[in-house]
Participant: 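Take a look at this one; I'll ask things after.
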Amino acid sequence: MSGEAAAGGGGEANGVQPNVTIYINNLNEKIKLEALKKSLNAVFSQFGKIIEVLAFKTLKHKGQAWVVFEDVASATEALKRMQDFPFYDKPMKIQYAKTKSDVIAKADGTFVPREKRKRNDEKPEKKQKREQHHDVNQAGVGMHAYPGAYGAPPLSQLPFGAGPKVMMPEIIVPNNILFVQELPHDATALMLQMFFCQYPGFKEVRMIEAKPGIAFVEYGDEGQATAAMNLLQGFKIKENPMRITYAKK
DNA sequence: AGCACA
């Protein structure tokens with residue numbers, strides 16, 4: 001038992017090799033793209049720097065997204081930790097992406113512009129003749145140029161189009177104030193705010209100095225609080241999943 | 001289910 005078995009449970013189960021980009025599917029298709037990307041960014045940024053988040057509306061790509069990290073370690077951590085995480089009421093399924101993301105290829109100089117990709121309506125009369133004589137890999141792109149880098153997330157828009165499908169255990173009285181437990185004891189209000197502030201109606205995070213590990217998060221109304229709770233329920237700020245309930249009145 | 005880079 002050398003204890004080095006951690007690598008076995010990763011993403012090689014389906015033959016895909018580790019990649020700085022993770023491929024996520026089983027995402028809730030009702031969520032608008034912008035909100036989806038914003039939430040993915042918020043939820044995954046804890047694992048490392050995110051270069052880009054990509055998602056598309058087309059039929060073939062609904063419910064899927066790509067999150068490009070700066071390094072493989074972050075991607076691996078994200079893959080393991082967020083596997084089956086209930087995101088907009090659906091457990092997200094995460095794998096390593098099969099191929100290198102363009103933004104990465106551009107940064108390391110291996111980017112080759114694809115000529116025919118989007119127009120898949122072209123008739124497949126000839127499929128050989130690869131034009132490899134164009135030396136396009138000398139793109140001369142700056143190494144740390146990340147054209148699609150994810151900037152500061154605007155939080156003016158409503159992330160939620162989904163109805164308040166609450167996963168409530170039993171008899172619970174909704175409240176516009178949430179009670180958050182099992183936080184890491186060194187969690188700060190500012191840290192929590194990063195997660196809770198992205199949902200509509202967010203007002204403030206309050207922490208009790210005498211009681212580490214808990215917080216109150218206030219929203220404008222119960223529906224808003226419920227929506228935020230649903231997304232962040234069980235989310236791991238550090239190691240342990242936080243527990244969110246309605247605060248008692 | 002589905003691996004792209006609008």
Side-chain angles (χ1 to χ4, degrees), chain A residues 10-45 47-122 124 127 130-132 134-151 153-154 157 161-162:
Chain A
E12 298 181 40
N14 33 30
V16 182
Q17 290 180 284
N19 192 313
V20 292
T21 302
I22 54 173
Y23 167 75
I24 308 163
N25 67 355
N26 197 44
L27 293 168
N28 191 327
E29 299 178 9
K30 291 176 297 194
I31 309 305
K32 286 176 305 205
L33 280 193
E34 228 190 289
L36 183 73
K37 292 202 280 186
K38 199 162 64 176
S39 297
L40 286 169
N41 185 74
V43 140
F44 279 107
S45 57
F47 301 106
K49 170 127 195 260
I50 291 176
I51 307 303
E52 193 175 24
V53 176
L54 292 154
F56 309 92
K57 237 342 194 313
T58 54
L59 212 58
K60 196 182 173 192
H61 304 292
K62 291 196 304 190
Q64 299 154 78
W66 289 259
V67 176
V68 187
F69 286 96
E70 198 168 48
D71 50 66
V72 176
S74 303
T76 299
E77 189 70 2
L79 186 151
K80 292 198 282 197
R81 303 288 284 271
M82 298 301 283
Q83 192 65 265
D84 295 315
F85 177 76
F87 192 68
Y88 291 102
D89 294 327
K90 297 187 67 177
M92 55 169 86
K93 300 297 179 185
I94 312 175
Q95 301 163 51
Y96 292 113
K98 284 179 181 166
T99 58
K100 186 190 286 187
S101 295
D102 281 1
V103 66
I104 299 300
K106 283 173 183 166
D108 69 18
T110 61
F111 179 66
V112 178
R114 61 183 71 74
E115 299 179 7
K116 37 189 176 183
R117 254 297 186 194
K118 298 171 54 187
R119 307 287 184 81
N120 51 359
D121 298 286
E122 295 186 33
K127 59 181 71 172
R130 291 176 296 163
E131 299 186 344
Q132 287 187 327
H134 297 279
D135 293 326
V136 280
N137 15 358
Q138 292 291 346
V141 181
M143 297 187 189
H144 294 290
Y146 295 130
Y150 209 102
Q157 304 247 335

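Within every chain, numbering begins at 1; the chains are lettered A, B, ... in the order of the sequence lines, protein sequences first and strands thereafter.
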Participant: Quick check on DNA chain B: between A:L33 and A:A97, whose nearest nucleotide comes earlier from the 5' end?
Facilitator: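 It is A:A97, whose closest nucleotide lies nearer the 5' terminus.
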Participant: For A:Q17 and A:Y96, which I'm curious about, is there any donor-acceptor pair between the side chains at under 3.5 Å?
Facilitator: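 Not at all, the side chains of A:Q17 and A:Y96 share no donor-acceptor pair under 3.5 Å.
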Participant: Whole Å only: how far is the NZ atom of A:K90 from the P atom of B:dA1?
Facilitator: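 Rounded to the whole Å, the gap is 9 Å.
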Participant: Classify the nucleic acid contact of A:K62 as base, sugar-phosphate or nothing, counting any heavy atom under 4.0 Å across all strands shown.
Facilitator: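 Base contact.
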Participant: Considering only side-chain heavy atoms of A:V16, which listed nucleotide, B:dG2, B:dC5, B:dC3, is closest?
Facilitator: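 For the A:V16 side chain, the nearest candidate turns out to be B:dC3.
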Participant: A:S74 side chain to A:F47 main-chain N or O, any donor-acceptor pair under 3.5 Å?
Facilitator: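 Confirmed, A:S74 side chain pairs with A:F47 backbone.
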Participant: Quickly work out the A:L54 CG to B:dA6 P distance and round it to whole Å.
Facilitator: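 Interatomic distance, CG of A:L54 to P of B:dA6: 7 Å.
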Participant: Give a yes or no answer on whether the side chain of A:N41 reaches the backbone of A:V53 with a donor-acceptor pair at less than 3.5 Å.
Facilitator: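 Here the side-chain-to-backbone pair does not exist.
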Participant: Tell me: CD of A:Q95 to P of B:dG2, nearest whole Å?
Facilitator: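 So the two atoms are 8 Å apart, to the nearest Å.
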Participant: Once you round it to whole Å, what is the distance between P of B:dA6 and NZ of A:K60?
Facilitator: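 The answer, rounded to whole Å, is 16 Å.
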Participant: Have a look at A:K100 and say if it touches a base, only the backbone sugar-phosphate, or nothing, with a 4.0 Å heavy-atom cut-off.
Facilitator: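 Base: the residue A:K100, judged by heavy atoms under 4.0 Å, touches a nucleobase.
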Participant: Taking only residues two or more places apart in sequence or in another chain, which ones pass salt bridge (charged side-chain N to carboxylate O under 4.0 Å, His left out) with A:D84?
Facilitator: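 Listed in chain order: A:K93.
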Participant: Answer yes or no as to whether B:dA4 has its base stacked against A:W66, where stacking requires a ring-centre separation under 5.5 angstrom and planes under 30 degrees apart.
Facilitator: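 Ring-base stacking flag set for A:W66 and B:dA4.
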Participant: What is the distance from NZ of A:K37 to P of B:dC5, rounded to the nearest Å?
Facilitator: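 After rounding, the gap between these two atoms is 12 Å.
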Participant: Side chain to side chain donor-acceptor pair (under 3.5 Å) with A:K100: which residues, sequence neighbours excluded?
Facilitator: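 In terms of side chain to side chain donor-acceptor pair (under 3.5 Å), with neighbours along the sequence ignored, A:K100 is linked to A:D108, A:T110.
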Participant: Rounded to whole Å, please give me the gap between NZ in A:K106 and P in B:dA4.
Facilitator: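 Distance check: A:K106 NZ to B:dA4 P gives 15 Å.
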Participant: So, does the side chain of A:T21 form a donor-acceptor pair with the base of B:dA4 at under 3.5 Å?
Facilitator: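 Donor-acceptor pair under 3.5 Å: no.
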Participant: Just how far, in rounded Å, is C1' of B:dC3 from CD1 of A:I24?
Facilitator: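 Those two atoms, CD1 and C1', are 12 Å apart.
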Participant: Hey, which sits more toward the 5' end of DNA chain B by its nearest nucleotide, A:K57 or A:E29?
Facilitator: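 The residue mapped nearer the 5' terminus is A:E29.
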Participant: Using whole Å, what does the distance between atom P of nucleotide B:dA4 and atom CG of A:N19 come to?
Facilitator: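 Rounded to the whole Å, the gap is 13 Å.
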